[in-house]
**Student:** 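Below: one structure in structure tokens.
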Number of protein chains: 2
Amino acid sequence: MVTKQFGDSPEEADLRRADSLAREIFSDIANKWALLIIEALGERTLRFSELRDEVEGVSHKMLTQNLRMLERNGMVERTVHPTVPPRVEYTLTEPGRALRKAVDVMCDWTHRYLGHIETARSRFDS
Amino acid sequence: MVTKQFGDSPEEADLRRADSLAREIFSDIANKWALLIIEALGERTLRFSELRDEVEGVSHKMLTQNLRMLERNGMVERTVHPTVPPRVEYTLTEPGRALRKAVDVMCDWTHRYLGHIETARSRFDS
DNA sequence: CGGTATCCTAGCCGATACTG
DNA sequence: CAGTATCGGCTAGGATACCG
């Protein structure tokens, strides 16, 4: 992940392209709301409004914005049911479910080390 | 990770506290620079200036800021060698190395699905 | 209900300069 | 070399209002 240095020969041009794409994607997903949305979806299919309730604290705007981004990157699938009122459902795709594994590890980590962190903090803050 | 709902009995007070702490920590680490720094450190010990070269694109300010945060949360250890010029080294702690595993999974994911994502994007952008 | 657009503000973050 | 402080632009992101 850490960035490599490329020369300027033609063959290295698309290595550099792939690398910058990787960094771009990493920036996309290394964000609080994106990760929480992915975690909230899990194995379920959820409507927009269900997601908004599930991911506490997320605003309407941030939710749509991140969902668009996740859809664009092929991590979630969006299905619109043409009813009134409209019903829009979101599901993780296969890549999305793979990413979710990583998010799970992060969540587990957070809970596992809560104690460590709390004591580390009070030591630091003094 | 997804937030739970608590009542307002006393016993539930520290459940709520733990939950909010977990969310706070999650917000801390779900950020581009923090994750890239952790990944850059890996199993190595690096000086400040080495880190700045290693984590491409990071500014002086963001680097110090994130390093403080990571130190405060007990994820990295900071050792100052009292020489002139000063020499400051950073290493992952045990919790930090555990977190790194999660970051590794994310990095692997990014590279593994680069192709998927690229095609998903061009489909979406049309 | 879900999405888009518009405004408006807090704070992120880069640039710069200064200490030990 | 590493860290802190300050200034300023800019954008992330909340609130609100309005469409299909």
Side-chain angles (χ1 to χ4, degrees), chain A residues 3 23-38 40-41 44-73 75-92 124-126, chain B residues 3 23-38 40-41 44-73 75-92 124-126:
Chain A
T3 298
R23 295 180 68 73
E24 198 183 324
I25 292 164
F26 195 80
S27 305
D28 273 355
I29 59 180
N31 119 28
K32 180 184 174 180
W33 294 128
L35 296 183
L36 286 176
I37 289 170
I38 289 171
L41 276 176
R44 303 176 289 174
T45 293
L46 291 179
R47 307 181 52 166
F48 182 87
S49 47
E50 292 171 331
L51 263 171
R52 195 185 38 212
D53 297 343
E54 210 61 42
V55 181
E56 145 154 353
V58 72
S59 69
H60 189 96
K61 187 180 180 179
M62 283 302 97
L63 187 54
T64 41
Q65 201 167 100
N66 279 278
L67 281 172
R68 281 309 153 270
M69 179 274 287
L70 292 172
E71 188 191 358
R72 181 168 118 91
N73 288 329
M75 303 169 196
V76 305
E77 190 182 8
R78 177 172 176 266
T79 23
V80 183
H81 298 82
T83 59
V84 296
R87 178 186 187 82
V88 182
E89 295 184 328
Y90 293 92
T91 321
L92 290 184
F124 185 92
D125 293 344
S126 59
Chain B
T3 299
R23 297 181 67 71
E24 198 184 323
I25 293 165
F26 195 80
S27 305
D28 273 356
I29 60 179
N31 119 28
K32 180 184 174 180
W33 294 128
L35 295 184
L36 286 177
I37 289 170
I38 289 171
L41 276 177
R44 302 176 289 173
T45 293
L46 291 179
R47 308 180 52 165
F48 183 86
S49 47
E50 292 170 331
L51 262 172
R52 196 185 36 213
D53 297 342
E54 210 59 43
V55 180
E56 144 153 354
V58 73
S59 69
H60 188 97
K61 187 178 182 181
M62 284 301 98
L63 186 54
T64 41
Q65 202 167 98
N66 278 279
L67 282 172
R68 282 308 152 271
M69 180 273 288
L70 291 173
E71 186 190 359
R72 182 169 118 91
N73 287 329
M75 303 169 195
V76 304
E77 191 183 7
R78 175 171 176 270
T79 22
V80 182
H81 297 83
T83 58
V84 294
R87 179 186 187 83
V88 183
E89 295 184 326
Y90 294 93
T91 323
L92 290 184
F124 185 91
D125 293 344
S126 58

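The figures here come from the full heavy-atom set of this structure, side chains too, leaving out hydrogens, waters and symmetry mates. None of these values were measured; they are calculated from a predicted model. Note on naming: letters A, B, ... go to the chains in the order of the sequence lines (proteins, then strands), and numbering restarts at 1 for each one.
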**Student:** Determine the minimum heavy-atom distance between A:Asn66 and A:Trp33, stating which atoms define it.
**Tutor:** ND2-CB, 3.6 Å
**Student:** Taking all heavy atoms of A:Ala40 and all of A:Val55, pick out the closest pair and write down the distance.
**Tutor:** CB-CG2, 3.7 Å
**Student:** Is the shortest heavy-atom distance from the side chain of B:Phe26 to the side chain of A:Leu35 under 4.5 Å?
**Tutor:** yes
**Student:** May I ask you to evaluate whether A:Ser59 reaches the phosphate of D:dA15, defined as a side-chain N or O under 4.0 Å from OP1 or OP2?
**Tutor:** no
**Student:** Below the 4.0 Å mark, does D:dG3 have OP1 or OP2 next to a side-chain nitrogen or oxygen of B:Tyr90?
**Tutor:** yes
**Student:** Mind calculating the distance between CE (A:Met62) and C1' (D:dA12) to the nearest angstrom?
**Tutor:** 6 Å
**Student:** Please report the closest heavy-atom contact between B:Arg44 and B:Thr91, naming both atoms and the distance.
**Tutor:** O-CG2, 4.2 Å
**Student:** Tell me what A:Arg87 touches on the nucleic acid: a base, only sugar-phosphate, or nothing, going by heavy atoms under 4.0 Å.
**Tutor:** nothing
**Student:** In whole Å, what is the span from the NE2 atom of A:His60 to the P atom of D:dA12?
**Tutor:** 18 Å
**Student:** Looking across every strand, which nucleic acid part, if any, lies under 4.0 Å from B:Arg68 by heavy atom: base, sugar-phosphate, or nothing?
**Tutor:** sugar-phosphate
**Student:** So, do A:Leu63 and A:Leu51 sit near enough that their side-chain heavy atoms are less than 4.5 Å apart?
**Tutor:** yes
**Student:** Without decimals, in angstroms, what is the distance between A:Lys32 NZ and D:dA12 C1'?
**Tutor:** 13 Å
**Student:** To the nearest Å, give me how far apart CG (A:Asn66) and C1' (D:dG14) are.
**Tutor:** 14 Å
**Student:** Would you kindly give the CE-to-P distance between A:Met69 and D:dA12, to the nearest whole Å?
**Tutor:** 12 Å
**Student:** With a 4.0 angstrom cut-off to heavy atoms of chain B, pull out the first and last contacting nucleotide of DNA chain C, in 5'-to-3' order.
**Tutor:** C:dC13 to C:dG20
**Student:** May I have the distance from A:Trp33 (atom CH2) to D:dG14 (atom P), rounded to whole angstrom?
**Tutor:** 7 Å
**Student:** Assuming nearest nucleotide by heavy-atom distance, tell me which of B:Arg52 and A:Pro86 is located more 5' along DNA chain D.
**Tutor:** B:Arg52
**Student:** NZ of A:Lys61 versus P of D:dC18: gap in Å, rounded?
**Tutor:** 17 Å
**Student:** Between NE2 of A:His60 and CZ of A:Phe48, what distance do you get to the nearest 0.5 Å?
**Tutor:** 4.5 Å
**Student:** For B:Met75 and B:Ile29, which heavy atoms make the closest approach, and how far apart are they?
**Tutor:** CE-CG2, 3.6 Å
**Student:** Find the distance B:Phe48:CZ to D:dC1:P and express it as a whole number of Å.
**Tutor:** 11 Å
